[in-house]
Amino acid sequence: MSSNQGSSPVAQSSGPSDGLFRKPRAPSMAPRHYRTPPPRSLPDVCPKEPTGEGRALCDGPSVVADQHRWTVYNSKVNLPAALNDPRLAKRESDFFTKTWGLDFTETEVMPSFYLPNISREHFSSYLQETAQREKIHERCKNICQSKDDLSVPTITNNHDKARAELEQVPKIFMKPEFVLNDPATFNAVLPWSHFSVAGGNNSRDVASSRLLQEKLSHYLDVVEVSIARQISLRSEAFFHSMSSQHELQDRLRETADAVAKLRARTAAIDRVMCRGPLRALRDALTCNNCIKLHNKLKLMAAVHQTQPTVQLLLSTSEFVGALELIATTKEVLQQELQGIHSFRHLGSQLCEMERLIDKMMVADFSMYAQSDLSRPFEEDSQVLEKDRLQSLVFGLLRQRKLDFLDIYSEEMVRAAKNIVRQCVAKSVSQISEIDADTVRFHEQMRLMTFHQWFDLLLDIFEHFILFLRRIKATLGIIRNVVLEVLDSSQRSRLAYVSLATNPSDGRTNEDEEEEESGGPTLHPGEAELAYLTHEGLFISDALNEAEQRSNVAAHAQTRAQTRTDACGSDSASATTESSSSKEHNSNITSSLPIGGSAAISEDVMPSDLELGRVANNVQELLHTASDVSQDRCVKVLMTRAKDGSLERLSSSEFVCLSQAVESFVSDTEELCGRRSVSLRGALQSQAYRFVQRFHEERKTKLSLLLDNERWKQAEVPAEFQDLVDSISDGRITLPERKPTGSEDRKPSEFLCVDGQKYAVVGTVLLLIRMFLEYCQYVNDIPSITTDILTRLAELLKHFNSRSCQLVLGAGALQVVGLKTITTRNLALASRCLQLLVHYIPVIRAHFETRLQPKQYSILRHFGHITKDYNDHIAEISAKLVAIMDSMFEKALSKYEVKAPMPSACLRNVCKQMAKMHEAINELLPEEQTQMLFLRINASFKLHLKRQLARLGVINDGGPQYGLVMVDVAFYSENVQALRSLERLDLNMPEIWEQKR
């Protein structure tokens, strides 16, 4: 055959009889091929130890026991084939992310710390070992390639010849679907149409069939020759493959024998050295499991006693202890005793008990609030059962019943109503005129006299002050509990964070303790001792179990201490349990896993934001208590004012009422720290009505006084002089009325004010007392300052306008029946107006001290009043001058320059001047009298000058001039003879025309 032709490197190589090539080796390298591999650990036929459940590897095969049994670990998975499923029209892009999340593909995979970085240096020993064989292989390739290149023309000619022969074979024989069972194919290969249809041994048919047979035989020979040629061309490769296959089979046989011997040795080692120690470890695990079972049974026994213990705690109203026990038991049921058939209904029972405790706490808190707010005020203690209150508040906070303040608020409103009813009933019982059975509640207060009702109001104020103090003390306890819980929650969170951020400290201490105690230590070699599992637990897990248990105990102790701090000192005293309940709770808590018992209090307690909101609500509730108290007092005040009785109070009574209300409001603001406006607003509305009635009475009284005033000088009683003197001392207040007959002082003719004498009418004296009453109300009731100011301004304007109508307007002639308005009446009215103008700045300064700076604009009324009064005074002066002017005009129009001198006309003028001086001299001060007579003298000179000009008398020194000078001298002598006019400069030369 062609396989024996030529020589090849494989055939020429020296070696075994199978004809395979053997690499020549140096003597030093000969044993390296059979060198025993270094000792290493057993192959990892099982996965590494898990960190969680140990039962995940309980079905893994054993190398020793299951070496001949097929397991799932013998199966293979082609991941590229699974990802590139040809049956899917489109590759699933979310193959991993649909189960494991979007972060699976987006997360950057960090390089493994256990895989070395492979470089070319790692293959240097292999390359050196195979370098010789690679050179021989390359040389053989070159030799084979040269031989092929030399025979290329021959091979090409043979190939062309074979191809030409193959082309003679019909294409139908080359088709893949060539099947003789197909009738069409069969007819195409054996064309029966060339043979006789009738059949028989026709010579023509025999020849045709023989020809067809020879043709098919020729086709077969061509194909066989072509196949033989191809085999001859590849004979060397076939023989080489066969020889390589034999060598591979020999090596596999040797490997199988080595593996069998190794397994036999491993089985012997397992039988002699491993089964005993493994049995000891298995017994240790069994003992450990028994201990766990015993602890689990003890835990179940403790949980079984939960319901009786809870009932015992509830019988003593220890709600917090019962809730803690229920929460701990539920946590144990979820973590340690999950799936226990006998406890399948205990969780729902505990939840029902917890809901029952919630209702009991709410009902108990409602009863506490009712008893606290309804107890008699004679008791000294401000806080009722402080420990009980702290326990209830802590329990309600723990259950997130943050609306318990609404219950207290409702009870507070109900208690405020009862306080008013009790005070009214107590007052009515002391009044025999009122029958409480037949008269309604609101009518009872209206039937009281003012003093009886005022005493009732003071009693209500006193009770509400005690009521607010009691509420403030109770809410202070509640707020302290809330703030302590908030502070403890923050401290426990900080402790937990520090413990979580520095876990190595606790771990180091535990390791040191374990080393000191001589406990078992686990070496790294022992961790890889074996992979045998016992009830799903690794051997290394069993060795580390004691250490884990110590970690649990240390961590649980730390968290329990943190939770103890969270309860606070007051809360701890309020939730004291019996010794049996404490022991029962500790038995359950000690069985919790890491963080179990501490997580109970952290999960159920409100957040810091909620606790802060509750603390703010406590303060708001105190403000609400103040508002409720004032609202009830407002109802009492408005009930009394419904029939207008408060408007009809006297000034002293209303001032007492105002002062009492202001004192109560100030006390409530001091207690609650909030300014309330309800009671002040109600008092303000009543004060407005009172001021309006008071002003209308004073205005009506002033109008009556003015309408009956005869404008004569009145005597000034001593009390009015004392009133004015008190104003001069800077005290704008009404002095106390002295008893009649205490002093026998005669009234004076004038009112002395700051060293000046004022002649006044009786109306002005009463007006002074009136505006002092207005000022006194500003002192007593500061809230009505603006109203009083406007009313006083209106009163002063009314006096000014009405006095102008009566005097200047001559209205007193018809109203009072005066015959005429004399100059004395005018001077007296002017002097009264001047007295009031003197006091207007004093009144303005008094009001200015009681007003806010933003209210100063209202003081402009006093400026307008002062201007009106000064204008009125000027008009009176002008009226006096006008009276004398008309007299001068009438008298001097008949003046003639002839003897005897002084003339009768000038005598009449001097007489009228003397009467004018006599009328006003005692009323007006000296300066005003001089100014008035200067104006009168100017009028006289003007009329005399006109008359002389009409008569043609000039300053020529003639006889007529001499007669006029005699009259002028007589006039000057008479005028200057009047009192206080001696030094009056009359300037009489002005009566003559100036020469141009």
> Within the distance-only criterion (no hydrogens, no angle test), does the side chain of D270 pair as donor or acceptor with the backbone N or O of T266 below 3.5 angstrom?
Replying inline: no

> OG1 of T255 to CZ of R253: how many Å apart, nearest 0.5 Å?
Replying inline: 10.5 Å

> Among all residues two or more places apart in sequence or in another chain, which pass the side chain to side chain donor-acceptor pair (under 3.5 Å) test with S119?
Replying inline: E121, H122

> Which heavy atom in L127 sits nearest to a heavy atom in R120, and how many Å separate them?
Replying inline: CD1-NH2, 3.8 Å

> Partners of K215 by side chain to side chain donor-acceptor pair (under 3.5 Å), sequence neighbours excluded?
Replying inline: none

> Do other residues, nucleotides or ligands put more than 12 heavy atoms under 6.0 Å from the CD atom of E177?
Replying inline: yes

> Looking only at heavy atoms, what is the nearest atom pair of M174 and V169, with distance?
Replying inline: CE-CG1, 3.8 Å

> When rounded to the nearest 0.5 angstrom, what distance separates SG in C274 from CZ in R279?
Replying inline: 11.5 Å

>> Is there a side chain to side chain contact (heavy atoms under 4.5 Å, CB included) between M300 and H304? Walk through the geometry before answering.
In response: CA-CA 6 Å; M300 291 175 64; H304 183 67; over 6 Å; no

>> So F123 and T130, do their side chains get closer than 4.5 Å, heavy atoms only?
In response: no

> Tell me, do H137 and E134 make a side-chain contact under 4.5 Å, heavy atoms counted?
Replying inline: no

>> Could you report the tightest heavy-atom contact between L212 and V189, atom names first, then the distance?
In response: CD1-O, 4.0 Å

>> Test of understanding: with side chain to side chain donor-acceptor pair (under 3.5 Å), list the residues that count as partners of D182, not counting sequence neighbours.
In response: T185

> Do L278 and R275 have side-chain heavy atoms sitting under 4.5 Å apart?
Replying inline: no

> When rounded to the nearest 0.5 angstrom, what is the spacing between NE2 in H218 and CG in L216?
Replying inline: 11.0 Å

>> Rounded at 0.5 Å granularity, tell me how far CG in L293 sits from NZ in K298.
In response: 11.5 Å

>> Checking the side chain of S226 only, and the main-chain atoms of V222 only, is there a donor and an acceptor separated by less than 3.5 Å?
In response: no

>> Under the criterion side chain to side chain contact (heavy atoms under 4.5 Å, CB included), I'd like the reasoning laid out for K135 against E138: C-alpha separation, chi angles, the key distance, then a yes or no.
In response: CA-CA 5 Å; K135 293 178 180 179; E138 292 296 333; 5.8 Å; no

>> For R210, is there an ion pair with E214 - N to carboxylate O distance below 4.0 angstrom?
In response: no

>> Just verifying a value: how many Å separate T286 OG1 and I291 CD1, rounded to the nearest 0.5 Å?
In response: 11.0 Å

> Between atom OG of S124 and atom CD of Q128, what is the distance when rounded to the nearest 0.5 Å?
Replying inline: 5.5 Å

